[in-house]
**Student:** 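Dumping the structure here so I can ask a few things about it.
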Amino acid sequence: MDLIAAVNKKDYKLFGAFFRENFPFLVMFADKYVNDMDMAADIAQEAFIQLWRFEGEFVSPEKVKGFLYTTARNLALNHIKHN
């Protein structure tokens, strides 16, 4: 799968495959912060939404995943701060 094409060109099929492959890992990552699997799933979903809406160009798969995990971390920390 060409992750860069999936994200930069908003390819639904490739992005969907990337989502299905990585969503469970992102949920587990967010759960380490919030200790609530339902909230962690919401955070992971929102991180993917923000990735989809991002208008910049990624140059490597590592940058895509970095964006995704940084976004999830920030969303989790915001959740903790406001609750």
Side-chain angles (χ1 to χ4, degrees):
M1 169 185 28
D2 185 3
L3 177 57
I4 301 302
V7 176
N8 289 342
K9 297 180 182 181
K10 309 297 185 215
D11 183 305
Y12 286 103
K13 188 174 182 177
L14 291 175
F15 193 89
F18 175 68
F19 174 86
R20 287 186 297 279
E21 182 179 319
N22 290 280
F23 181 76
F25 299 109
L26 198 60
V27 171
M28 298 301 270
F29 174 78
D31 187 55
K32 291 179 183 179
Y33 288 93
V34 297
N35 294 316
D36 178 338
M37 288 299 280
D38 290 334
M39 179 52 60
D42 288 347
I43 288 169
Q45 182 174 344
E46 180 60 30
F48 273 100
I49 290 168
Q50 289 188 26
L51 176 62
W52 180 259
R53 291 180 177 163
F54 183 72
E55 294 191 15
E57 292 281 319
F58 290 101
V59 295
S60 72
E62 294 79 18
K63 296 288 185 184
V64 174
K65 288 187 178 183
F67 176 93
L68 197 57
Y69 279 83
T70 299
T71 301
R73 185 195 69 218
N74 290 340
L75 290 167
L77 292 175
N78 284 341
H79 172 75
I80 292 167
K81 179 180 176 182
H82 295 294
N83 290 312

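The first residue of the sequence shown is numbered 1, and numbering continues consecutively from there.
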**Student:** Using ring centroids (six-membered ring only for Trp), state whether Y12 and W52 fall under 6.0 Å.
**Tutor:**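 Yes - the distance between ring centres of W52 and Y12 falls below the 6.0 Å cut-off.
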**Student:** Report all side-chain donor-acceptor pairs from residues 44-51 shorter than 3.5 Å, counting only partners two or more places apart or in another chain.
**Tutor:**
unit_1: E46; atom_1: OE2; unit_2: Q50; atom_2: NE2; d: 3.3

**Student:** Quick check on K9: does its NZ atom have over 12 non-hydrogen neighbours (other residues, nucleotides or ligands) under 6.0 Å away?
**Tutor:**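 No, the 6.0 Å shell around NZ holds no more than 12 heavy atoms from other groups.
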**Student:** Would you mind writing out the side-chain donor-acceptor pairs for residues 62-73 within the sub-3.5 Å range, not counting sequence neighbours?
**Tutor:**
unit_1: E62; atom_1: OE1; unit_2: S60; atom_2: OG; d: 3.4
unit_1: T70; atom_1: OG1; unit_2: G66; atom_2: O; d: 2.8
unit_1: T71; atom_1: OG1; unit_2: F67; atom_2: O; d: 2.7

**Student:** With sequence neighbours left out, what residues match M28 under side chain to side chain contact (heavy atoms under 4.5 Å, CB included)?
**Tutor:**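 With neighbours one apart ignored, the set is M37.
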**Student:** Measuring from L3:CG to F18:CZ, what's the distance to the nearest 0.5 Å?
**Tutor:**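 Taking CG in L3 and CZ in F18, the distance rounds to 4.5 Å.
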**Student:** Of all heavy-atom pairs between A76 and Y33, which one has the smallest distance, and what is that distance?
**Tutor:**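 Closest approach of A76 to Y33: CB-CB, 3.6 Å.
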**Student:** I'd like to know if the side chain of N83 and the backbone of H79 have a donor-acceptor N/O pair within less than 3.5 Å.
**Tutor:**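 Such a contact is found between N83 side chain and H79 backbone.
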**Student:** Could you tell me whether the side chain of V34 reaches within less than 4.5 Å of the side chain of I43, counting heavy atoms only?
**Tutor:**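 SC-SC contact between I43 and V34 confirmed.
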**Student:** So, the side chain of D31 versus the backbone of D36: is there a donor-acceptor pair under 3.5 Å, distance only?
**Tutor:**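 Checking the backbone N and O of D36 against the side chain of D31, a donor-acceptor pair under 3.5 Å is found.
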**Student:** Counting N and O atoms only, with roles assigned by atom type, does the side chain of D11 sit under 3.5 Å from a partner on the main chain of A5, one being a donor and the other an acceptor?
**Tutor:**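 Not confirmed, D11 side chain does not pair with A5 backbone.
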